[in-house]
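Heads up: numbering here begins at 1 and tracks the sequence. Since we're looking at a predicted model, the values are computed, not measured.
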Amino acid sequence: YPVNPVILSTRPVGLFSVLGLPLRPLCPLWLTSFPIFFFFALLASWRFTSSYPTLRLSHLPRTVYHLPMPTPNVPEFIREDLQKLELSLADDQLKNLAEYLHLLLDANQRTNLTAIKDPDTAWRRLILDSLTLLPGLEMLEAGAQVIDIGTGGGLPGMPLAIARPDLSFTLLDATGKKVAFLQSCVEAIGLENVRPIQNRAEVVGHEPEHRQRYDLATVRAVGKIAEIAEYCLPLVKEGGRMLAMKGAAAETELADAGDALAVLGAGDLALIDAYPEGFDSELVLVSIVKERPTPKMYPREPGTPRKTPL
């Protein structure tokens, strides 16, 4: 048919001939059909693409890579310091200490185990400090039971257990991640005299398996003496004792804890400088012998010894 572009057809024509309508490609009415066509095309496109998830960077798996720690070794200054302290360790024990510290610093990149990150400082403040307790273990016979309360990353318990494989060590901490790390260390190093357990001292202090079962309780950086005595003494046998690693304020804390120690069954007390002259350290060891049974009401409910010390 002849087409006059000025005259509009009264019949629906255009691209919608696919719907059964006659095709008249040059008819201006095609222009009136375009908005409808665009709407259906947009609808079809939305229905097609909405069935697929939108890819965003946040959906991609994220992997954090940590650089491998250097091969563990024993610094020469540690061997020299051990000689000055008159502490004798076999080469395989030193190797195990190096392996433990390697595992500790490596795991510390992912889990908060210690504020110390420098290896040399860690050898001095973590390993060597822990080994200064060894003279306090000399009186213990083979098979004696030692519990390390609030052990954290295993200090001082792990170094002591490596140095004294003839003693049995229980490492107690309330944090599951720390206990899991300690268990991995026990398996990696092959220690047969160490048992990590997850619990609070206020809880195990009332359990028959632990109450008054240990020959020695050790503790490091947990709290003031009145508080830690309530954690330790219920777990120690009569005639046993606790060894606490403290700083320069130990004497003042010990004086303030006099009443609490008397209630908990403490006997002889001693303050011992951990290092001889020539070492840059204020570490003090507090030795408290258990003379009498601890009353059954102690330790009190979890958190109470810290909030309201005796």
Go through the steps for Tyr214 and Thr170 under the test side chain to side chain contact (heavy atoms under 4.5 Å, CB included), then give the verdict. CA-CA 9 Å; Tyr214 295 93; Thr170 298; 3.5 Å; yes
Does the side chain to side chain contact (heavy atoms under 4.5 Å, CB included) test come out yes or no for Leu134 and Glu138, once each step is laid out? CA-CA 7 Å; Leu134 281 176; Glu138 289 179 352; over 6 Å; no
Please determine whether side chain to side chain contact (heavy atoms under 4.5 Å, CB included) holds for the pair Asn199 and Glu207, giving the CA-CA distance in whole Å, both sets of side-chain angles, and the decisive distance to 0.1 Å. CA-CA 11 Å; Asn199 213 325; Glu207 296 177 351; 3.8 Å; yes
Begin from the C-alpha positions of Leu82 and Leu94 and carry the test side chain to side chain contact (heavy atoms under 4.5 Å, CB included) through to its verdict. CA-CA 11 Å; Leu82 288 173; Leu94 291 173; 3.7 Å; yes
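For the 3.5 Å distance criterion, the side chains of Lys290 and Gln212 qualify, holding a donor opposite an acceptor.
Once rounded to the nearest 0.5 Å, the distance linking CG of Asp215 with CD1 of Ile147 reads 12.0 Å. Atom CG in Leu233 sits 9.5 Å away from atom CD1 in Ile228 (nearest 0.5 Å). The line from CG of Leu140 to CD of Gln145 is 10.5 Å long, rounded to the nearest 0.5 Å. Within the model, atoms CZ of Arg110 and CG of Asn108 stand 9.5 Å from one another, a figure rounded to the nearest 0.5 Å. To the nearest 0.5 Å, atoms CD1 (Ile127) and CG (Leu101) are separated by 5.0 Å. Interatomic distance, Leu104 CG to Glu99 CD, rounded to the nearest 0.5 Å: 11.5 Å.
By the 6.0 Å contact criterion, NZ on Lys178 is enclosed, its count of non-hydrogen atoms from other residues, nucleotides or ligands being greater than 12. Counting non-hydrogen atoms of other residues, nucleotides and ligands closer than 6.0 Å to NZ of Lys237 gives a total above 12. Within 6.0 Å of the CD atom in Glu238, the count of heavy atoms belonging to other residues, nucleotides or ligands exceeds 12.
Under a hydrophobic-cluster definition in which Ile, Leu, Val, Met, Phe, Trp and Tyr are linked whenever side-chain heavy atoms come within less than 4.5 Å, directly or via other members, Leu137 and Leu285 are assigned to the same cluster. Leu310 and Val222 fall within a single hydrophobic cluster, where Ile, Leu, Val, Met, Phe, Trp and Tyr side chains are chained together by heavy-atom contacts under 4.5 Å. The hydrophobic clustering, which links ILVMFWY residues whose side-chain heavy atoms are closer than 4.5 Å, places Leu172 and Leu113 apart. At a threshold of 4.5 Å between side-chain heavy atoms, the hydrophobic network of Ile, Leu, Val, Met, Phe, Trp and Tyr places Leu182 and Val194 in one connected group. Note: the hydrophobic cluster containing Val146 also contains Val186 (ILVMFWY, side chain heavy atoms under 4.5 Å, direct or indirect links).
Side-chain contact between Val286 and Ile288 is present, with heavy atoms from C-beta onward closer than 4.5 Å. Looking at Ser184 and Leu103, their side chains never come closer than 4.5 Å, going by heavy atoms from C-beta outward. Arg220 has its side chain within reach of Leu126: a pair of non-hydrogen atoms, C-beta onward, lies under 4.5 Å apart. In this structure, the side chains of Glu202 and Glu301 stay at 4.5 Å or more apart for every pair of heavy atoms. The side-chain heavy atoms of Val219 and Tyr231, taken from C-beta on, include no pair separated by under 4.5 Å. Using a 4.5 Å cut-off on side-chain heavy atoms (C-beta onward), Leu191 and Phe169 make no contact. You'll find the side chain of Phe181 stays beyond 4.5 Å of the side chain of Thr111, heavy atoms only. Gln93 has its side chain out of reach of Val74: every pair of non-hydrogen atoms, C-beta onward, lies at least 4.5 Å apart.
Put simply, the side chain of His206 never gets that close to the backbone of Arg211: no donor and acceptor are under 3.5 Å apart. Under a 3.5 Å cut-off, the side chain of Thr175 and the backbone N or O of Lys177 do not form any donor-acceptor pair. One N or O on the side chain of Glu230 and one on the backbone of Arg300 form a donor-acceptor pair closer than 3.5 Å. Counting only distance, with no hydrogens or angles, the side chain of Arg125 and the backbone of Ile116 share no donor-acceptor pair below 3.5 Å.
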Report all side-chain donor-acceptor pairs from residues 149-160 shorter than 3.5 Å, counting only partners two or more places apart or in another chain.
from: Thr151; atom 1: OG1; to: Asp148; atom 2: OD2; distance (Å): 2.8
from: Thr151; atom 1: OG1; to: Leu155; atom 2: N; distance (Å): 3.4

Which pairs of donor and acceptor atoms, one on a side chain in residues 254-280, lie under 3.5 Å apart (sequence neighbours left out)?
from: Tyr275; atom 1: OH; to: Asp129; atom 2: N; distance (Å): 3.3
from: Tyr275; atom 1: OH; to: Asp129; atom 2: OD1; distance (Å): 2.4

With a 3.5 Å cut-off and sequence neighbours excluded, list the donor-acceptor pairs that the side chains of residues 240-251 form with protein atoms.
from: Arg241; atom 1: NH1; to: Ser287; atom 2: OG; distance (Å): 2.8
from: Arg241; atom 1: NH2; to: Gly136; atom 2: O; distance (Å): 2.7
from: Lys246; atom 1: NZ; to: Gly223; atom 2: O; distance (Å): 2.7
from: Lys246; atom 1: NZ; to: Glu253; atom 2: OE1; distance (Å): 3.1

Sequence neighbours left out, cut at 3.5 Å: what donor-acceptor pairs do the side chains of residues 84-92 make with other protein atoms?
none

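Residues forming a ring pair (Phe, Tyr, Trp, His ring centres under 6.0 Å) with Tyr298 (at least two apart in sequence, or on another chain): none. A search for side-chain contact (heavy atoms from CB on, under 4.5 Å) contacts involving Glu76 returns Arg79, Glu80, not counting sequence neighbours.
Scanning both residues, Ala161 and Asn193, for their nearest heavy atoms gives O-ND2, 3.2 Å. Across all non-hydrogen atoms, the minimal contact from Arg200 to Ala174 is CG-CB, 3.9 Å. Summarising the geometry of Cys232 relative to Ala217, their closest heavy-atom pair is CB-CB, 3.9 Å, with the distance given to 0.1 Å. Shortest non-hydrogen contact noted between Ala142 and Leu167 is CA-CD2, 4.4 Å.
Contact check on Arg195 versus Glu209 returns a salt bridge, with a Lys/Arg side-chain nitrogen under 4.0 Å from an Asp/Glu carboxylate oxygen.
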